[in-house]
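Computed over heavy atoms, backbone and side chain alike; hydrogens, waters and symmetry mates excluded.
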Amino acid sequence: MKSAAELLDELQGAMPGVKLALATNPSPSAQHSLVVAAEDALRVAVYLRDVAGYDYCSNATGVDWLDKETTEKVKTTRRVKKEVDGVEQEVDETVEETVKRVEPGCLEAVYHLYSMRQGPHDPHPPLVLRMRTANRTDRVELPSLSPVWRAAEFQEREIFDLYGIVFKGHRDLRRLLMWDEFEDHPMRRDYVDPDDFEYEPTPHDEVLKRAEEHRAKLAAEGAR
Amino acid sequence: MNLNAGWASTGWTSTLDQIFVLVQHRVAELFPPVLQPWVAMILGVVGIVAVFPAIFALTTVLERKGLGRMQNRLGPNRVGPYGILQPMADAIKSLTKEDIIPRSADAVVHFLAPVVLVVAIFLGYAVLPVGRNMVLMPIDAGILFFFAIGASTELSIFMAGWSSRNKYSLLGAMRAVAQMISYEVPLLLSAVVAIMMTGSLSPEAIVAAQGGFSGVLPHWYVFTPWGFAGFALFVVAALAETNRSPFDLPEGESELVAGYFTEYSGFKFALFFLGEYLGMMSIAGYGITLFLGGWGAPFSFLAFIPSWAWFFGKLFLAIFFFIWLRGTLPRLRQDQLMNFAWKFMLPMSLLNLLVAAAWRFLGEWLGAGVGAEAIRWLACAAVLGGTYVLLGRAMLRRQKIGPRSYRYAE
Amino acid sequence: MTLTAYLIVAAMLFALGLGIALTRRNAILVLIGIELMLNAANLNLIAFWRFGAHAEPMTGMLFALFSIAVAAAEASVGLGLVIAWFRHARTTDLDEMTRMKG
Amino acid sequence: MAVESNLKIELGKQGVFVTTLNELYNWGRRNSVWPMQFGLACCAIEMIATTMARYDLARFGAEVFRPSPRQADLMIISGTVTKKMAPQVVRLYNQMAEPRYVIAMGACAISGGPFKQGYNVLKGIDRYIPVDVHIPGCPPRPEALIHAFMTLQKKIAAQPLTGEERPRHLDASAQGEFPVPEPGAHDLEPPVNRLVWPLPAPTVAAPAKEGA
Amino acid sequence: MLGEGILKGLAETAKNFAGSFVSEERLTTVEYPEQRLPQIENTRDFPFLVYDGDDAMAGLRCVSCQICEKECPPKCIYITKSADKKPDYVGKAQFYPTRFDIDVSVCMSCQICVEVCPFEAIKMDTEFELSTEDRFGGLILDRHKLAKSNEYYHQIHPTEAAEVDARLAEEKAKVEAKAKAAAEAAAAKAAADAAAKGTADATAKAAESAAKSAEGQA
Amino acid sequence: MTTAEMKSGIDSGIKSYLPPVIEVEAENELLEVAMGPHHPSTHGVFRMDVALDGERVVRLKPVFGYLHRNHEKLAEGTTYLASMPYTDRLDYFCSMTNNWAYALAVEKLAGLEVPERAEYIRVITAELTRVQNHASAIGFLMQEMGASGTPLMYAFREREKILDLFEALSGSRMMCNYMRFGGCRVDLPEGWLERTKKIVAELPRFIDEMEALLTGNEILMARAQGVGVLSPELAVNAGVTGVMLRATGVNYDVRKVDHYGIYDRFSFRVPLGEHGDIYDRYMLRVLEMRESVKILEQALPQIPDGPILDPKSKPRGFRPKPGEAYGRIEAPKGELGFYLISDGSGNPYRYRVRPPSLINLTILEDMCLGQNVADVVLIFGSVDIVLGEVDR
Amino acid sequence: MMHAAFFLTFAVLTLAGAVAAALLRNLVHCALSLTVTFAGLALLYLSLGAEFVGLTQVLVYIGAVAILVVFAILLTRGSGSLPRQMLSSSGWRVGWLAAVAVGFVLVAALRDAPFAQSQGNAPVVSVKEIGQALMGPFALPLEIVGVLLTVALIGAVIVAMPEKPMLENPVLKNQMPEKQGGAE
C-alpha cells in the first residue's frame with residue numbers, strides 16, 4: 001500500500017483542488033494522517049474506498065481539542081521613527097513582547113482505514129483520515145462517512161453522542177450509549193460530572209474536593 | 001374389581017401383587033354395602049392423589065440431579081439426605097410466596113387456569129392401569145377418555161396466557177395450543193395401531209393383549225415393526241404434547257421469557273409446574289400401557305415381581321428418558337416443529353396404520369410358522385424403515401441442511 | 001330421572017342458543033348460539049335413545065355422533081368464514097356486514 | 001469438619017424434626033432460593049461459572065434460574081449498574097413476588113466499584129433498592145458467591161416471623177414498590193432514593209476506627 | 001439419516017452421566033464449604049499490609065509514602081500520614097500511616113498498589129469470604145484489619161515472600177555494612193556518639209525481627 | 001475498476017450498503033416488542049426494539065449503552081498503567097488478549113521492544129484465551145437454542161482448567177492484568193509449562209466431545225443452517241471482523257495480516273466458511289479452536305529463557321512522547337484495536353478502544369430483517385459479543 | 001336420588017354456562033362459559049350411559065371447537081369487554097322475545113307430552129358394538145360424514161387461506177409450509 005504522503009499526491013492529482021493536508025506523527029509508530037476538509041471528505045473517502053483499495057474502515061472516533069491559550073514571547077522588529085543624534089530617523093528596533101494567542105479548539109473525527117482486498121499477507125500501517133469541525137460550540141457539523149463505510153455507522157453515532165459532532169448524511173443519527181433525554185456530551189474535556197458524591201470513604205485529589213463541595217452544599221441546604 | 005381370569009399364580013407373590021387391591025377391599029368392607037363402591041372409589045382417588053404428586057416431587061429432584069450428572073456436577077444434595085427434601089423446601093417456599101395477580105389481569109380466569117389444568121390432568125389418571133386390577137375407573141373407552149381429557153388441558157393453557165394480559169404470555173399460550181393441537185393428531189394416530197390390534201379402547205384389554213410370552217420374551221407391541229414405529233412416534237408426539245425438550249418452546253422460549261406462565265408466581269406457578277409433570281407422567285403411563293406391556297414383566301421369569309412395581313419401574317425409565325433428552329438436545333423453532341408434525345409425523349403415522357393393517361392380514365394369509373413370521377416382520381420393517389429414511393432425507397433436502405466441509409487459508 | 005326432564009333442559013338450551021343467535025351482533029357469538037342449538041338437539045337424541053323403546057338399539061346414539069361430527073365441520077367452516085371476512089372487512093359485526101352489502 | 005457436622009445436625013434438626021412453624025417456614029424459603037436469570041457485566045460470568053459443574057450452585061437447590069421475575073426469589077445484581085440500566089433494575093425488582101432478596105455481587109453493584117467516578121455509573125444499587133448481602137471483589141470468586149449465598153441463608157434462618165425484626169414481606173407497613181428513577185437531562189431523577197439509602201449525613205470520610 | 005446426530009449426542013451425554021459415577025474427570029464439582037480447591041500460589045484478592053514482629057501497628061512496613069494511593073486506579077486507598085516518625089526495619093526514621101483505609105467495595109484487585117510499593121509493605125491477600133450484610137461498616141478495611149503478619153504472608157505466598165525477605169535482608173545487609181563502616185569511622189573519630197549508638201540499637205531490633213520471620217518461614 | 005470508471009461512480013452517487021427495507025401491509029398491526037435490556041436471551045444488558053409482522057421481523061433497532069461504564073473517559077483521567085486492569089473488564093472473557101492489544105498500542109506509541117520470552121507467553125495466553133472464548137461462545141449459542149446448559153457446562157469445565165492456568169500465572173481467574181508495556185508482569189511460575197502442556201494435550205478430546213454432541217445434530221443444523229446469512233461484501237464494508245467475517249469466506253486474520261507478535265513463527269491455517277450463516281460461525285469456532293491447539297503445541301516446547309520485560313518500561317512515571325498510535329490484534333471476537341494520543345503527559349490525551357463486538361453488531365439489523373423472531377436470538381448469539389466491550 | 005342430584009347439578013351447569021354465554025360482554029368469557037356448557041352436556045351424556053358420546057363430546061367440543069372459537073376471537077381482535085350496544089344487534093328485544101317464546105312453547109309442550117318411556121337401566125353399549133354398527137348398517141352415513149369432514153377441512157383451509165403468503169397470526173402462519181429465505 002502507498003504511504004500517506006504518496007496518497008496525498010495521488011489524490012491531489014486525481015482530484016485537483018481537493019483540500020488535503022498531511023499531518024505527521026512524531027511517535028515511533030509513524031502513522032501519519034491525511035487531514036481532509038469537510039466539503040471534500042466524501043469524495044476523498046469514495047476514492048479511497050473504491051480506487052485506492054481502502055475498503056475496510058477499522059476505527060472511527062472523535063477527539064476533542066480544547067481552545068488552547070498560548071503565551072509566547074515574540075521578538076518583533078519594527079521600523080520606528082526615532083530621534084537619533086537629534087535627527088529623526090527610521091530605525092529598526094527589536095522589541096520583546098508577550099503575545100497571548102487563543103488557538104481555537106475543534107472537534108476531530110478520525111478514521112483508521114485498512115485494505116482487505118489487498119491480500120491477506122501484506123502488512124501495512126493504517127491510513128488515518130481526519131476531519132475537523134470549525135469550532136467546538138456551534139459549528140460542529142461534518143459529513144458522515146457511513147455511506148461509504150457502514151462500519152462507521154455506530155461509531156459515528158457514538159461520536160455524536162459523546163462529543164457532539166453532528167454527522168450530515170448519517171441515516172440514523174441518534175444517541176448510541178446515553179439515554180435519549182441526556183443533553184451533555186460527556187467525552188468532551190470540559191464536561192462536568194453530575195454531583196453524586198454522597199458517600200466517599202476514600203476520596204482524594206479532585207474527588208475529595210468535589211465530595212467536600214457536595215457536603216458543604218448539602219449542609220447549606222440542611223441549614224436552610 | 002374382578003380378578004383377571006388369566007391370573008393363575010397363587011401364594012405370596014400374588015398377595016404382594018394385589019396388596020393394594022386387597023387393602024382397598026378390606027377397608028371398603030368396613031362400610032355399609034351401599035357405600036362400599038364409593039369408599040373404594042375414594043380410596044383409589046386418594047391413592048392417585050397421594051402417589052403421583054409424590055412421584056412428581058421425586059421427579060423434580062431426580063431431574064435436577066440427573067441433569068447435573070450429565071453435566072459433570074452433583075445437583076441438589078444439601079437439603080436433607082442426598083437432597084431428597086429439596087422438593088419439600090420448594091413446596092413450602094412456593095406455598096408461602098406472594099401471589100401476584102397483575103393489575104390488568106382477569107383475576108377469575110387467571111386463578112381458574114392452573115386449577116383446571118391440574119384437575120384435568122388428575123382425571124387422566126382415572127383410567128390408567130398402574131398394576132393388575134389397579135385401575136380406578138375401568139371404563140370401556142378408557143383411551144378415548146384420556147385423549148378427551150388431554151385435549152381439555154389446552155384450554156387451561158389458553159386461559160393462563162390470555163388472562164395474564166401480557167403479550168409474551170398470550171403469544172406463548174397461542175404457540176403452546178397450536179403445538180398441542182398439531183401433535184395431538186400424530187399422537188392419536190400412533191396410539192390407534194395398538195387399539196386396532198387389540199380391538200379395544202380399554203387400557204386393561206390392551207395390556208392384557210400384550211400379556212403372553214414367547215419363550216422369555218413378552219408380546220409387547222413395541223417388538224413389532226408397526227409397534228416400534230408407533231411407539232417412536234408416540235414418544236415424539238408425547239414430548240411435544242407435554243412441552244418437553246426439544247419441543248419446550250412455549251415455556252423455555254428464549255424470546256418469550258417464560259411463555260404462558262410468565263405472570264404466575266407462588267402457588268399458582270407451582271400448580272402449573274405440578275400439572276406439567278403430572279401430564280408428562282400420565283402420557284408416559286399411557287405410552288407404557290399401549291406399547292410396553294403396561295404392568296407386564298419384561299421376561300417371563302421375572303413375572304413374580306408385583307405388577308405395580310413393573311409399571312412404576314417403567315415409568316421411572318420413561319422419565320429418565322425425558323430427562324436424558326432434555327440434557328442433550330437444543331430446541332426446535334416453531335415453524336420447524338409444525339413442519340415436523342404435519343410433514344413427517346402425520347405421514348409416518350398414517351403409513352404406520354396401513355402397515356399395521358397389512359401386518360394383520362399378512363398374518364392371516366401367510367399362516368403361522370417361523371418363516372412366515374420372518375417374512376411378515378421383514379416386509380413391514382422394510383416398508384417403515386425405507387419410508388423413514390426417504391422421508392427424512394427429503395425433509396433435510398427440502399430445508400437444505402446437511403453436513404458441510406470447510407476450506408482453509410494458509 | 002325422567003325423559004321429560006332431559007327434554008326440558010334441551011328445550012331451554014335451545015331457546016338460549018336461539019336467543020344468542022338472534023340478538024348478538026358478533027358473528028362468532030352467533031355461531032356459538034348455533035352450536036348451542038345443535039347441542040340441544042344432541043341431548044334430545046341421547047335422551048330418546050336412553051329412554052326410548054329399543055327397536056333400533058343404537059340409532060339415537062350414532063345419530064348424536066354424526067351430529068357432533070357435522071357440528072365440528074360447521075364450526076370450522078363457519079369460523080374460517082368469519083376470519084376470512086374479518087381479514088377483508090376488519091370487522092366481525094354482523095350489522096356492519098349487512099350494511100356493507102352490495 | 002466441624003462446619004460439616006454442624007450443618008448436618010442443623011439440617012437434621014430442621015428438615016426432619018421440625019419444631020415450629022417459624023423454623024419450617026424459614027427452612028423452606030432459605031433452601032429454595034431461586035435466582036432470577038439476570039446478569040449485568042463481568043460478575044455475571046462468574047455467577048454463571050458458579051452454577052457450572054465445578055462450583056455447582058445447584059447443590060443448594062438454587063440452580064432454578066427463572067427467566068420471569070414473578071417466579072424468582074433472589075436477584076443477584078451481578079455487575080455494574082449504569083444509570084441507563086438502573087430504572088430497569090428497580091422495575092424488575094418491583095415485579096418480583098415477596099419474599100425477595102437481593103445480593104449485590106461485586107464492587108460495581110455495591111458502590112460503582114472501579115467505575116464509580118464514571119458519568120454513567122450508578123454508585124451502588126442500594127441507592128434504589130434494599131440489598132441483603134454485599135460481596136466485595138472484582139469479580140468475586142465463585143466460592144465467594146456461594147459464601148454470600150450461605151450468608152443469605154443464615155440471615156433468613158435468623159429472621160423471626162413476628163415482632164419488630166420480622167422480614168419486610170410480613171410487614172404490612174413496609175414499602176412494596178420502590179420508586180423507579182427517571183432518566184433526566186444530566187443525571188437520574190432522583191439521584192438517590194433517600195428512604196432506601198440510609199446514610200444519615202453525607203460523609204466525606206468514614207470515621208476512623210482507631211483501636212477497634 | 002435423520003436422527004443420527006441426535007443419537008450421537010445422546011450417547012455423549014450418557015457417557016458423561018455414567019462417567020460421573022466412576023470418574024473424577026466427569027464429576028468436577030468441588031463441594032465448596034467443606035472441600036476447597038487447592039490454593040493457587042499467585043492468587044490475589046484484596047491487599048493487606050505486612051507487618052514484622054509481634055505488634056501489628058508498630059511493625060507495619062508502610063511508610064505512608066502514598067504512592068499506592070496515587071497509583072490505585074479506582075482510588076480506593078486513603079492514607080493519613082503521621083506527624084512523627086519511627087524507625088523502619090533498616091533503622092531509618094520514617095513516617096507511618098495513622099490511617100490506612102481500603103474500601104473493598106471499590107477495590108478491583110488489580111495489584112498495582114503492590115507493584116508500585118517500593119517498601120514491600122502492601123501485598124495481596126487470598127481471603128475472599130468477605131460477604132456481609134453491613135454495607136457501611138463491613139466493607140471498609142482500616143489498618144487494623146489490614147495488618148497481617150509476615151508469617152501469614154509466607155503462608156499464602158511462600159515463594160514470593162521468600163524472595164521479598166531475601167531482598168529485604170540484602171538491602172538491610174547493605175545498610176548495615178554502611179552503618180558499620182560509618183560507625184567504625186565514627187568510633188575512630190570519637191569514643192562515644194549518642195546518635196550512632198541510637199542507630200545501632202534500632203538496627204539490632206530490626207535484625208531481631210528479621211530473624212524471627214526467618215524462623216517462621218522455616 | 002479503473003480510475004475513470006470510479007470517477008463516474010463518484011459523480012453518480014455513492015454505492016452504500018444498507019439494510020433491506022421490508023414492506024409492510026398493515027402498519028398498525030405490527031407487534032412492537034422490546035427485547036431486553038433484561039431479557040433471558042440477550043448476553044447481558046442489550047435491547048432490541050423489534051417490530052413483528054406475525055413472527056417475521058420487519059424492523060429491528062439495537063439499543064446500546066446499558067453497560068456504558070465510561071472506560072475511555074476514566075482512562076483519559078489516569079495513567080497509562082492504570083488503564084491496564086480496566087482493559088480486563090472490556091471483554092471479560094478475554095482479558096489476556098485485551099491486555100495484549102493495549103500493550104501493543106502503547107508499545108507502538110512509545111517504541112518499546114518486547115523480549116522473545118514475553119512474546120511466547122503472550123501467544124500462549126492469547127491462544128488459550130481464544131480456545132476458552134470460542135468454547136464458551138458455542139455453549140452460549142446452544143443455550144440460546146435451548147440446550148438446557150449441557151454444552152455450556154462442558155465448555156465451562158474446560159474453561160475452568162484454562163482459568164486455573166491464568167490464575168497460577170497472574171493471580172486472577174478472569175481479570176488477569178498480566179501484560180505490561182514491553183513484556184509481561186511476572187515470569188511463569190514453576191511447573192506452569194508442564195501443566196499447560198498437559199491441559200493442551202487434552203483439549204482435542206474436549207473438542208471432539210463437543211463436536212459429537214453438536215456438529216451432526218439435526219436440530220442444530222435445522223436451526224443454524226441458512227439462518228442469519230451475511231454476504232462478504234457487506235461484511236467487509238461494515239467492518240465486521242473475526243469469525244463473523246471469515247464465515248462469509250473473506251480471508252482476513254490480523255494474525256496473518258499484521259504479523260504482530262511472533263505469529264509468523266507458527267504454522268497454522270485460517271478456516272473459512274462459505275455460507276456466512278450461523279452454522280458456519282459455529283463450525284469456524286470449532287475449527288479455530290483446533291488451530292489454536294496447534295499453535296499452542298508448537299509454542300509450548302519452543303519457549304526460550306530470558307527476560308520478560310523491556311528494561312525501558314517502568315511501572316511509574318511512564319510518559320510517552322507526543323504522538324499517536326493505533327494498534328490492533330486478532331482478539332477472539334474480532335479485531336481489537338486501541339487508538340492512543342499522547343500529549344507527553346502521564347495520562348493519555350485520547351484513549352479509544354475499537355471494540356469488535358460493537359462493530360460486528362452493525363449488521364445485526366441486516367441479518368435479522370425478514371427472519372423469524374426466534375432466529376433473532378440465535379443470530380445475536382452467533383455474533384458472540386460481550387456487552388462490556390460493546391458499551392465500554 | 002343420587003341420580004337426580006347429579007342430573008340437577010349437570011343441568012344447572014349446562015344452562016348456567018349457556019346463560020353466561022348469552023349475557024357476558026367479554027367474548028373470551030363467553031367462549032369459556034360455552035365450554036362449561038359443553039362439559040355439562042358431556043356429563044349429562046355420561047349420566048345417561050352414553051359413555052362414548054360423552055367422551056367424543058369432550059374431545060370434539062372442548063378440545064377442538066372451543067379452542068377454535070377462542071382462536072377466532074383472538075384473531076378477529078375481539079377480546080376485551082365491549083359496550084353493550086356493540087354486542088347486541090339492533091333488534092335484540094324482539095330476538096329475546098322470540099327465543100323466550102319458543103322456549104316457553106317447547107317446555108310447555110314437553111311437560112305434558114306422553115312419551116313412551118322405558119324406565120329400565122341404560123342399555124349397555126360397548127365401543128366394539130358402536131364400531132360394528134358404524135361399519136355395518138351405518139356404513140353409508142359414516143362415509144358421508146367422512147366426506148363431509150374432508151370437504152369441510154378443505155373448505156376451511158381455502159376460506160382461511162390468506163391473499164398474501166403470510167398470515168398475520170403467528171400460530172396459523174407457522175403451519176404454512178414454506179420456510180422463509182435468509183436476508184440477502
Counting only non-hydrogen atoms closer than 4.5 Å, does Arg393(B) touch chain E with its backbone (N, CA, C, O), its side chain (CB onward), both, or neither? neither
What's the spacing between Asn16(E) CG and Arg69(B) CZ if we round to 0.5 Å? 11.5 Å
Heavy atoms from other residues, nucleotides or ligands near CD of Glu127(E) exceed 12 (cutoff 6.0 Å): yes
Got a sec: does the NZ of Lys400(B) have more than 12 other heavy atoms crowding it under 6.0 Å? no
So which part of Leu325(B) gets closer than 4.5 Å to some heavy atom of chain E, the side chain, the backbone, both or neither? both
CZ of Arg397(B): more than 12 outside heavy atoms within 6.0 angstrom? no
Take atom NZ of Lys86(E) as the centre, draw a 6.0 Å sphere, and report whether it contains more than 12 heavy atoms from other residues, nucleotides or ligands. yes
If you count the non-hydrogen atoms of other residues, nucleotides and ligands that lie under 6.0 Å from CZ in Phe228(B), is the total more than 12? no
Measuring heavy-atom distances to chain B, does Glu12(E) have an atom under 4.5 Å in its side chain, in its backbone, in both, or in neither? neither
Mind checking whether Pro33(E) and Arg78(B) have side chains closer than 4.5 Å, heavy atoms only? yes
State whether the number of non-hydrogen atoms from other residues, nucleotides or ligands found under 6.0 Å of Lys148(E) atom NZ is greater than 12. yes
For Tyr408(B), is the OH atom crowded, meaning more than 12 foreign heavy atoms sit under 6.0 Å from it? yes
Check Thr13(E) against Met70(B) and note the closest heavy-atom contact, atom names and distance. O-CG, 3.8 Å
Heavy-atom pair with the smallest gap, counting every atom of Trp324(B) and Ala14(E): CZ2-CB, 3.5 Å
So what's closer than 4.5 Å to chain E heavy atoms on Leu396(B): side chain, backbone, both or neither? side chain
Using atom types as modelled and distance alone, determine if a side-chain donor or acceptor of Asn72(B) lies under 3.5 Å from a backbone N or O of Arg26(E). yes
Which of Ile6(E), Leu2(E), Leu10(E) touches chain B most, by non-hydrogen pairs under 4.5 Å: Leu10(E)
